[in-house]
There are 2 protein chains.
Amino acid sequence: MKRIAESTVRRLSLYLSFLEGIERQGLKTISSDELARLGGTTSAQVRKDLSLFGSFGKRGLGYAVPELSKQLREILGLGKQWRVCIIGAGKIGAALARYRGFAERGFIVTAIYDIDEAKIGKRFESLTVRPISELEKDAAKHEYDIAVVATPAESTPAVVKQAVRAGIKAILNFAPVQISVPSDVTVRTVNMAMELEGLSFALSNRAD
Amino acid sequence: MKRIAESTVRRLSLYLSFLEGIERQGLKTISSDELARLGGTTSAQVRKDLSLFGSFGKRGLGYAVPELSKQLREILGLGKQWRVCIIGAGKIGAALARYRGFAERGFIVTAIYDIDEAKIGKRFESLTVRPISELEKDAAKHEYDIAVVATPAESTPAVVKQAVRAGIKAILNFAPVQISVPSDVTVRTVNMAMELEGLSFALSNRAD
DNA sequence: ATTACTTTGTGAATTACTTCACAAGCATCC
DNA sequence: GGATGCTTGTGAAGTAATTCACAAAGTAAT
């Protein structure tokens, strides 16, 4: 299958969230045009995005909501259960350990790690903070799919290296640094400073 | 000046963060090639990004680190102080109210709002939660530049409408929904579910 | 002052992404 | 069952973003 752009995947996520809302309202079908309006895009874009994976619509009618919803979940690999570990038990890590949204979407948080002696043994919900040195050994047993990295800038490169060595193929990065990984590992970075700077840029360059 | 792509702005942010690190290490100059390596891009990309705003380098030498750093801060509109209000005093809103990173970068958090009677009057750091109904009146006095929206999905559209009516031109959206605003308002959305789904997609479609 | 070497800045070429536009399919009505 | 109306799926066209490739400008060494 040919390469799918990240922007496409983001839109698929978005469509799915709309479909779930619409499904709850009990509507049975939806057109590419309505989906486009919800997502701030064009109907052609919606159809092209979906057509990369198959033809799910009926001409003249649109898309059956539960059907398309199911297909998108399938495409996005939801439905599978992914095993997640959190690395870094600071403020963000702790907040994530308490976050309900993971389990709701089939992401099972299995462990939380830190380097800091003082934090090891602390409990967050049902998880006890473990030393990062155990990561690789644990991974051999537990087969983590995703590492959520929430460490300070300095320790991040080393932590990422360990995660990669442990065979983890997807990283959600909250550390305020760029991370480098082999090409078979996927990274998504969430960086407050970068988002704020983007807004600052937009504000500074309005109307010229 | 011509339209700058969001991807370009993201890279500028990234370059700036590298330069700040390099400045601390005391290095005086850097080449587009080194910046590219740090940022996981190409030297041509770096040069093109910068050339959109001027010519900051010296042929044969590279870029003077403090100089380029200063220019990027200028381009990104840092240095100005931006006035920020947080809307939504739930978990995320509360965490953001305590977050030090805003002030460090010149973003002054001035107020936090909520609809919920029970939350109004609560204190986070130096801020007291105010009723959202006061937003517009406050904005007339305080001239907010940025609203950070951290509300549940249902209440978000109404809240965003109020923020727009209050004259706010930039929104950082943590609510798990798409928000629609007039074209002179800039929005950046941070959505955990969407990031996780992106990783799930990548994991599901490896090696084909 | 000439030569050798480095690295920028930028048009041109390429690649990626989006939008257009329309034939084909399906439902409904008369 | 033919005509009408609607909406998909998709090549082709159009934009946008990235990479190539090289002249121009600088440094350093002799």
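Convention: sequence-line order gives letters A, B, ...; per-chain numbering from 1. Predicted, not measured: the structure shown is a model, and the values here were computed from it.
- Contact annotation: S31(A) does not reach the phosphate of dT7(D) (side-chain N/O to OP1 or OP2, under 4.0 Å).
- Residue L172(A) forms a side chain to side chain contact (heavy atoms under 4.5 Å, CB included) with just one option from V149(A), V84(A), V187(A), V148(A), and that option is V148(A).
- In this structure, E6(B) atom CD and dA16(D) atom P are separated by 16 Å, rounded to whole Å.
- Nearest-nucleotide positions on DNA chain C for G62(B) and D49(A) put G62(B) closer to the 5' end.
- Atom CG of L61(B) is separated from atom P of dC5(C) by 17 Å (rounded to the nearest Å).
- In this structure, the CG atom of D33(B) is 12 Å from the P atom of dT6(C), given to the nearest Å.
- Remark: side-chain polar atoms of R83(B) are paired, donor with acceptor, to backbone N or O of H142(B) under 3.5 angstrom.
- L61(A) meets the side-chain contact (heavy atoms from CB on, under 4.5 Å) test with K58(A); sequence neighbours excluded.
- Proximity note for S51(B) (side chain, C-beta onward) versus dT10(D), dT8(D), dT10(C): the nearest is dT10(C).
- OP1 or OP2 of dT18(D) lies within a sub-4.0 Å distance of a side-chain N or O belonging to R11(B).
- Look at dT30(D): its Watson-Crick or wobble partner, with both distances under 3.5 angstrom, is dA1(C).
- Between F18(A) and Y15(A), the distance from one ring center to the other does not fall under 6.0 angstrom.
- Note on T42(B): a side-chain N or O is less than 4.0 Å away from OP1 or OP2 of dT19(D).
- For dT6(C), neither phosphate oxygen OP1 nor OP2 lies less than 4.0 angstrom from any side-chain nitrogen or oxygen of Y63(B).
- Nucleic acid contact for A5(A): sugar-phosphate only, since backbone atoms but no base atoms lie under 4.0 Å from a heavy atom of the residue.
- A donor-acceptor contact under 3.5 Å is not formed by the side chain of K58(A) with the base of dG9(D).
- The distance from atom CD1 of I30(B) to atom P of dT7(C) is 12 Å, rounded to the nearest whole Å.
- With hydrogens and angles ignored, a donor-acceptor pair closer than 3.5 Å exists between the side chain of R59(B) and the base of dT8(C).
- Regarding I4(B), its CD1 atom lies at a distance of 12 Å from the P atom of dT18(D), rounded to whole Å.
- The side chain of A44(A) lies closest to dA21(C) when the candidates are dG11(C), dT27(D), dA21(C).
- For R47(A), taking side-chain heavy atoms from C-beta onward, the closest of the listed nucleotides dT8(C), dC22(C), dT19(D) is dC22(C).
- dG9(D) atom P lies 11 Å from atom CD of Q71(A), rounded to whole Å.
- Here dT15(C) presents its P atom at 16 Å from CD of Q45(B), a figure rounded to the nearest Å.
- Rounded to an integer number of Å, the gap from CG of L68(B) to C1' of dT8(C) is 13 Å.
- Look at E197(A) and R10(B) and you find no salt bridge, because none of the NZ, NE, NH1 or NH2 atoms lies under 4.0 Å from a carboxylate O.
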